[in-house]
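First the structure, in the form of structure tokens, and then the observations on it.
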Amino acid sequence: MNIKGLLIGSAAALVTVSGAHAADAIVAAEPEPMEYVRVCDAFGKGYFYIPGTETCLKIGGYVRMDVRGGELLGLNANQANGSLGDEWDTRSRFDLRVSTASDTEYGALKTYSELRFNWRQGNTTIDVRHAYIDLAGFRVGKTESAFITYTGNAGSVLIDDLIDFGPDEANVIQYNYKSDNGITAILSLEDFPDAGNDYVPNIVAGVGYEGETFKARVLGGYDSSLEEGAIKARLDGTFGGISAFVMAGWNTEGAFRNDYATWDGDWAVWGGVSAPVTERVTLNTQLSYDDSETFVAAANVAFTVVPGFVVTPEVVYRDRESDGNAWGGIVRFQRSF
């Protein structure tokens, strides 16, 4: 075979192979459609759909630093000589909040969880503050006692519990009711970590009314282990942007505390006012007094530096018969998201 014939044969072979490959051409797979995060506005701001589900998710929380000082709020580092608040007390916290919500045939199925990561004096603690489920008015899980949540905290000051107004954390099974005409009610079975009440839970029950300018609530808590309890009532009003409240508690046992009567003596009262000074500045005050002749006054100015970042200086005074009077101060820096 001469060179010319060899070239012609090679060319023919290449054409044949190319034709075969053309018949079996490789087609690139179509890319799968990307599922972008969708906004879920059915349950309020901040929710979005978890991809591939009909469940909505919301993530929030805050980062905070507190600087405390004075005899009342400072760190008692030199306990040997009985001094109070002889050093600054600084503490920081990261608070993470996760909410979910979805529609069901019984209404919205919701969950709420809140974790607090605290750092103070070189020690880190983790607090599961809330972990509960809501459906059709029922709530089950870990949260604050209904004796607190139904009537609310004692105002908008930072240190609102120098005269304590109820228990803190509990596992609950409760039912919340709210009608279209403003009538509200709550029934809660509660178990506290140190209750020691065997198989009998504590009970909280309350009823109230919520209008456009005022709210009124009354409830009672029963400590099953001590067979005693407490009653608390509260009235709130709003007048042209200024809000005010007054709250009172009564101990059925008198001198002895129980799970719900956490103040001293038969009774205690709290009151306060919050008033906007400017668009970025709000003044908050609280006064409280109990049957043991303890008087507390607190006042702060909440300054919104930029949206989501608030700096709040506060001054607190306490006059207690057992140990006299003392002052304290706190400055809080908080970025909420």
Side-chain angles (χ1 to χ4, degrees), residues 110 112 129-130 132 134 136-157 159-192 201-224 228-253 257-263 265-275 284-291 296 298:
K110 297 182 178 181
Y112 178 73
R129 191 67 178 179
H130 301 277
Y132 60 78
D134 285 338
F138 288 93
R139 173 171 295 177
V140 295
K142 195 264 185 181
T143 186
E144 294 178 330
S145 166
F147 202 73
I148 293 288
T149 59
Y150 190 65
T151 52
N153 293 332
S156 298
V157 295
I159 309 299
D160 65 348
D161 58 354
L162 289 181
I163 294 181
D164 204 1
F165 49 90
D168 200 359
E169 302 170 317
N171 275 320
V172 306
I173 300 175
Q174 64 183 218
Y175 180 73
N176 291 272
Y177 170 80
K178 185 174 182 179
S179 69
D180 294 336
N181 59 6
I183 301 298
T184 66
I186 192 168
L187 177 64
S188 183
L189 305 180
E190 305 185 344
D191 179 40
F192 295 96
N202 290 348
I203 302 174
V204 175
V207 64
Y209 173 80
E210 294 186 9
E212 293 184 1
T213 59
F214 78 95
K215 294 190 296 185
R217 286 148 290 174
V218 61
L219 80 168
Y222 176 72
D223 183 337
S224 63
E228 294 291 344
I231 296 173
K232 192 165 61 172
R234 175 167 176 154
L235 181 65
D236 289 80
T238 303
F239 316 94
I242 298 175
S243 61
F245 83 96
V246 61
M247 182 168 66
W250 177 68
N251 183 354
T252 65
E253 176 63 11
R257 293 189 176 196
N258 56 64
D259 281 343
Y260 296 102
T262 54
W263 52 88
D266 286 342
W267 53 267
V269 292
W270 304 260
V273 175
S274 293
N284 303 293
T285 63
Q286 186 226 66
L287 301 176
S288 54
Y289 190 79
D290 68 17
D291 189 36
V296 174

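FYI, side chains are in, hydrogens and waters are out, and symmetry mates aren't considered; it's all heavy atoms of this structure.
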Which heavy atom in Ala244 sits nearest to a heavy atom in Val273, and how many Å separate them?
-> CB-CG2, 4.1 Å
Gln286 side chain vs Ala154 backbone, donor-acceptor pair below 3.5 Å = yes
Crowded around Ile173 CD1? As in, over 12 foreign heavy atoms under 6.0 Å?
-> no
Does Tyr112 use its side chain to pair, donor to acceptor, with the backbone of Thr143 at less than 3.5 Å?
-> no
Among Phe245, Phe239, Tyr209, ring pair (Phe, Tyr, Trp, His ring centres under 6.0 Å) partner for Phe214 = Tyr209
Non-hydrogen atoms of Val204 and Ser145 that approach each other most closely | CG2-OG, 4.3 Å
Could you walk me through whether Tyr289 and Trp263 pass the side-chain contact (heavy atoms from CB on, under 4.5 Å) check?
-> CA-CA 10 Å; Tyr289 190 79; Trp263 52 88; over 6 Å; no
Between CG on residue Asn251 and CD on residue Glu228, distance to nearest 0.5 Å | 7.5 Å
Report the distance from atom OH of Tyr175 to atom CG of Leu187, rounding to the nearest 0.5 Å.
-> 10.5 Å
dist Lys178:NZ -> Thr184:OG1 (nearest 0.5 Å) comes out at 8.0 Å
Write down the atom of Leu219, the atom of Ala146, and the distance for their closest heavy-atom approach.
-> CD1-O, 3.5 Å
How about Val172 and Tyr132: do any of their side-chain heavy atoms sit closer than 4.5 Å?
-> no
When you measure from the side chain of Arg257 to the backbone N and O of Thr262, does any donor-acceptor pair fall under 3.5 Å?
-> yes
From Phe165 atom CZ to Arg234 atom CZ, the distance as rounded to the nearest 0.5 Å = 8.5 Å
Of all heavy-atom pairs linking Thr252 and Ala230, the shortest is CG2-N, 4.2 Å
Kindly compute the distance separating OG1 (Thr149) from NE2 (His130), expressed to the nearest 0.5 Å.
-> 9.0 Å
Lys232 to Phe147 six-membered ring, cation-pi geometry met (6.0 Å, 45°) = yes
Within a strict 4.5 Å, meaning less than it, do heavy atoms of the Val218 and Thr151 side chains meet?
-> no
Is there a donor-acceptor pair under 3.5 Å between the side chain of Asp191 and the backbone N or O of Pro201?
-> no
Determine yes or no for a side-chain-to-main-chain donor-acceptor pair under 3.5 angstrom, with Asp259 supplying the side chain and Asp223 the backbone.
-> no
Should Val157 and Thr285 be marked as a side-chain contact (heavy atoms from CB on, under 4.5 Å) after you check the CA-CA gap, both sets of side-chain angles, and the distance that decides it?
-> CA-CA 6 Å; Val157 295; Thr285 63; 5.5 Å; no
Any donor and acceptor pair, going by atom type alone, linking the side chain of Trp270 with main-chain N or O of Gly155 inside 3.5 Å?
-> no
Measure the shortest side-chain to side-chain distance between Ile148 and Asp168 over non-hydrogen atoms and say whether it is less than 4.5 angstrom.
-> no
Does the Asn202 side chain pair with the main chain of Ser224, one donor and one acceptor, at a distance under 3.5 Å?
-> yes
Would you give the length of the straight line joining atom OH of Tyr222 to atom CD1 of Ile203, rounded to the nearest 0.5 angstrom?
-> 7.5 Å
Would Tyr260 and Glu190 count as having a side-chain donor-acceptor pair, cut-off 3.5 Å?
-> yes
